[in-house]
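Just so it is clear, the values below take in all heavy atoms, side chains as well, and ignore hydrogens, waters and symmetry mates. In what follows, every chain begins at residue 1, and chains take the letters A, B, ... in the order their sequences are listed.
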Amino acid sequence: MADSRDACVVWFRRDLRLSDQPTLLAAADAAPRALALFVLDPRLLGPSGPARRTFLYGCLRELDAALGGKLLVVRGDPADVVPRIAKAVGAATVHIAADFGPYGRERDEVVEKSLAADGCELVRSGSPYAVAPGRVTKGDGGPFKVFTPFRRAWADHGWRAPAETGPRTVEWIDPADKDGGPRAVGIPDDEKVDAELPEPGEAAALRRWTEFLDGGVEDYGGTRDRPDKPGTSRMSVYLKYGCIHPRTILADLARQRSASAGTYRTEIAWREFYADVLHQRPDSARKNYDRAFDALPVASGKGAEERFAAWKEGRTGFPIVDAGMRQLREQAWMHNRVRMIVASFLVKDLHLPWWWGARYFMQLLVDGDLASNQHGWQWTAGSGTDASPYFRIFNPITQGERFDPDGDYVRRFVPELGGIPGKQVHQPWKLQDGIPDGYPEPIVDHKVEREEALARYERVKAARR
DNA sequence: ACATAGTTTCT
DNA sequence: GAAACTATG
């Protein structure tokens, strides 16, 4: 329909890399020249704080440099902005590098309709998942609700090998040459971020991945649950922004034979599972996946707000919880084991709604991803897919002693406890000399609140009948 | 007597 | 996952 037009638009969205980028192949097939576009959409950024935005800007800066300074960055609603740009460059097709994945499909349709009015086609050629959400289904076509069967079907489904692409597959159009479209706003300046952020961009992602593959993956099974050790891959933030694609990771893992490589692959599968769940049930980003949990009485009012503030600021009096919450502020990141511990504490000890904690995580975590974050929380709360049973209530002391056995993690992030040697640091109220100055008493009695949580859960059971 | 390894129970 | 319970030496 538009063979006379020789240009297209490559709309970078969540896949901010150039290698292994099938969108570029699709674009090169469609037209010899392409305009590289990134839309700063306030809704795409979601409830992100300065850490996430600044990391994103770093990725954009690297991409722009790799494209010879030709990345067009505009602000606005894609449904309005994208068609105007497509028209300005005379594009017959707009190629999205990675669709939204689990959410925002309706919004894509709005853009699609708007483009179609100008005879321009929207082409989705990628996904930030090995298997796009919605593709792995049960025999009857229904979605999986339990992780393990999903993982098997997901592995059986398979995915293609990384694509051989480079930045020179198309000729990039200088955005200054286009007339009539929205004006470039450029990449915003970095915001003031107190946390120390990981290095943004594709090159950093590949460096980190190589480092993990060569050094850490063999120990992954043994040390991934140890917040006091650098045992995790730290790849989450790069996956979130598409600085690396999971299929690159999976292809490298397939060359390894170790059990640890299999464990790591399972973690990738969890990411894909939760994306699939959110795709099937977009409402589960805000509401209980299991609606029987709507009957769970949650704390509210002034007392709840005060407890929530203590949790956020890392002054609950439970060292492992406080260390985690302070790591979150210092690094815009928290070790996954500790995420589970602080989440369990918020839900089961403080009886606060899981979505309070989930929203706070999304604001601060540099790797915050809606699907993984919300469903990770729902897993802990017991309201999610294949969730942990509600009676699984983490004991913050036992968890601390088991996963931070020498107390190094706590001392690193809670300086008030810096002088207490060994694992005693997990129970400062038992010290002979009393709790060190400046460190709070426990704000709740875990044993009491555990019983309270179980009692509240009876309401959920009743609601199911 | 008592520590502890193993088992059951809990939506 | 943790607590209560049971068996064992």
Side-chain angles (χ1 to χ4, degrees), chain A residues 144-150 221-228 231-232 263 266-267 270 273-274 277 281 284 287-299 311 316-325 334-355 357-358 374-405 407 409-410 423-427 429-430 442-465:
Chain A
F144 282 96
K145 294 180 176 147
V146 179
F147 173 68
T148 305
F150 172 89
T223 56
R224 71 197 185 101
D225 268 330
R226 289 289 297 273
D228 55 332
T232 63
T263 305
T266 299
E267 297 305 314
W270 272 107
F273 176 58
Y274 282 150
V277 174
R281 285 277 308 276
S284 64
K287 294 174 177 165
N288 289 317
Y289 178 88
D290 176 357
R291 298 308 293 270
F293 270 77
D294 293 355
L296 184 79
V298 290
W311 179 82
T316 67
F318 289 88
I320 190 78
V321 174
D322 295 340
M325 298 309 294
M334 196 193 302
H335 188 282
N336 185 57
R337 166 57 52 181
V338 189
R339 291 187 199 194
M340 292 193 274
I341 298 171
V342 303
S344 179
F345 189 81
L346 179 117
V347 171
K348 315 250 169 109
D349 285 84
L350 303 182
H351 319 296
L352 297 173
W354 63 260
W355 50 92
Q374 309 307 85
H375 281 283
W377 274 91
Q378 294 222 44
W379 182 88
T380 301
S383 62
T385 335
D386 201 12
S388 89
Y390 194 77
F391 50 77
R392 183 182 290 172
I393 297 168
F394 282 22
N395 179 325
I397 301 147
T398 324
Q399 290 281 317
E401 288 174 346
R402 183 180 308 164
F403 296 110
D404 180 29
Y409 176 76
V410 164
K423 73 169 190 180
Q424 297 178 74
V425 79
H426 291 295
Q427 296 188 76
W429 55 88
K430 281 197 176 169
I443 58 168
V444 292
D445 180 335
H446 173 68
K447 216 177 154 199
V448 171
E449 302 307 336
R450 176 178 185 278
E451 290 305 318
E452 173 65 21
L454 292 172
R456 287 175 185 235
Y457 183 67
E458 292 299 317
R459 304 285 285 272
V460 178
K461 281 200 301 190
R464 250 196 263 281
R465 287 194 264 272

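Evaluation of the side-chain contact (heavy atoms from CB on, under 4.5 Å) rule for A:Val460 yields A:Ala292, A:Phe293, A:Leu296, A:Tyr457, A:Arg464 as partners, not counting sequence neighbours. Considering only residues two or more places apart in sequence or on other chains, A:Val448 meets the side-chain contact (heavy atoms from CB on, under 4.5 Å) condition with A:Asp445. Residues passing the ring-ring contact (aromatic ring centres under 6.0 Å, His included) test with A:Phe403, sequence neighbours excluded: none. Residues satisfying the ring-ring contact (aromatic ring centres under 6.0 Å, His included) test with A:Phe394, not counting sequence neighbours, are none. The side-chain contact (heavy atoms from CB on, under 4.5 Å) check on A:Val347 picks up A:Trp354, A:Trp377, A:Ala381, with sequence neighbours excluded.
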Identify the pairs formed between an N or O of the protein and an N or O of nucleotides 2-5 of chain C at a distance under 3.5 Å, and give each distance.
unit_1	atom_1	unit_2	atom_2	d
C:dA2	OP1	A:Asn395	N	3.0
C:dA2	OP1	A:Gln399	NE2	3.3
C:dA2	OP2	A:Arg402	NH2	3.1

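If you measure from atom NZ of A:Lys348 to atom C1' of B:dC10, you get 12 Å, rounded to the nearest angstrom.
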